[in-house]
Protein chains: 2
Amino acid sequence: MVNSLFRALSHPIRREIVERLAAGPATVGEVSGDFAVSKPAISKHLKVLEESGVLSRVIDGRTHVLSLETEALAEATEWMVRQRAIWTRLFDVVEDHLREEQG
Amino acid sequence: MVNSLFRALSHPIRREIVERLAAGPATVGEVSGDFAVSKPAISKHLKVLEESGVLSRVIDGRTHVLSLETEALAEATEWMVRQRAIWTRLFDVVEDHLREEQG
DNA sequence: GGTACAGTTCACCAAATGGTTAACAGTTTG
DNA sequence: CAAACTGTTAACCATTTGGTGAACTGTACC
């Protein structure tokens, strides 16, 4: 759902977590160490990201290894790109119109 | 700021407003008519979108005409596309690795 | 078995969010 | 000028969000 995806990306810490995981999988502790908030806070952010499908976790013993789920993020990207395509096309129409008027 | 941009796009009504305005400028009343919430609620959504730079308004008499601000939205799109590029590259590396192992 | 470790869940809190109705400000029009 | 119209602001409310410290669950290790 594109809905929960945008929600998930609306918090700066969650976007930073995404950027962190874009460099490769990491454990909860590693991710947590990068931020000035408590572990429970990070745990909640991770839950939001997981429920929206942005990341997945594999439990290995007592550590949880987090990885990005690229397919889910592609959905939100597509919305953005599709919107941009519409705006761009519209913008071109306006530009053409102006050019015609001046020419 | 990419921060307020994602925040602005995190609410379904606000994304629908963006989609509506992608088809061309509209007044507050026209936009408001499309949704099952009160006008003050829409007014607040419009304020969020305006403050994040997603749209601009021109006051014409007693009506406000709203237009999309494509540059602002491009910022958020770029973040998404940049992220996707990183994931894709990473994914390719993994694929290459698998191909190598099998070959 | 006992202790350290990784991580989540619980109980709580303050602030932000999203909605409402009522009142307001400015513009148009009879 | 008065009434109608467009839109915002104000005051209020319930819910969600994002954070905390403390307690808990499960794994690793001596």
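Just so we're clear, the structure is a prediction, and the values are computed from it rather than from any experiment.
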Phosphate OP1/OP2 of [N]: any [X] side-chain N/O under 4.0 Å:
{"X": "Arg14(A)", "N": "dG18(D)", "value": "yes"}
{"X": "His64(B)", "N": "dT6(D)", "value": "no"}
{"X": "Thr63(A)", "N": "dA6(C)", "value": "no"}
{"X": "Arg7(A)", "N": "dT17(D)", "value": "yes"}
{"X": "Ser43(B)", "N": "dT8(D)", "value": "yes"}
{"X": "His45(A)", "N": "dG7(C)", "value": "no"}

Using a 3.5 Å distance criterion without hydrogens, assess whether the side chain of [X] forms a donor-acceptor pair with backbone atoms of [Y].
{"X": "Thr77(B)", "Y": "Leu73(B)", "answer": "yes"}
{"X": "Ser32(B)", "Y": "Val28(B)", "answer": "no"}
{"X": "Glu51(A)", "Y": "Val48(A)", "answer": "no"}

statement: The single option from Arg57(A), Glu69(A), Arg14(A) that satisfies side-chain contact (heavy atoms from CB on, under 4.5 Å) with Leu49(A) is Arg14(A)
Could you give the [atom1]-to-[atom2] distance, from [X] to [N], as a whole number of Å?
{"X": "Leu49(B)", "N": "dT8(D)", "atom1": "CG", "atom2": "P", "value": "12 Å"}
{"X": "Ile59(B)", "N": "dT8(D)", "atom1": "CD1", "atom2": "C1'", "value": "10 Å"}
{"X": "Leu46(A)", "N": "dT17(D)", "atom1": "CG", "atom2": "P", "value": "16 Å"}
{"X": "Glu51(A)", "N": "dG18(D)", "atom1": "CD", "atom2": "P", "value": "13 Å"}

Shortest non-hydrogen contact between Leu68(B) and Val18(B), atoms and distance: CD1-O, 3.8 Å
statement: Between Ile42(B) and Ala36(A), the residue closer to the 5' end of DNA chain D by nearest nucleotide is Ile42(B)
Residue mapping more 5' on DNA chain D - nearest nucleotide basis, Pro40(A) or Ser10(A):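 Its nearest nucleotide lies further toward 5', so the answer is Ser10(A).
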- request: Tell me which nucleotide among dA4(C), dT28(C), dG7(C) gets nearest to the side chain of Lys39(A).
  value: dG7(C)
field: Sugar-phosphate, base or nothing in reach of Lys44(A), heavy atoms under 4.0 Å
entry: base
query: Base, sugar-phosphate alone, or nothing: which one does Ser32(B) contact when heavy atoms must sit under 4.0 Å apart?
result: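 The residue Ser32(B) makes no contact with any strand.
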- request: Spell out yes or no: do the side chain of Arg62(B) and the base of dT27(C) have one donor N/O and one acceptor N/O closer than 3.5 Å?
  value: yes
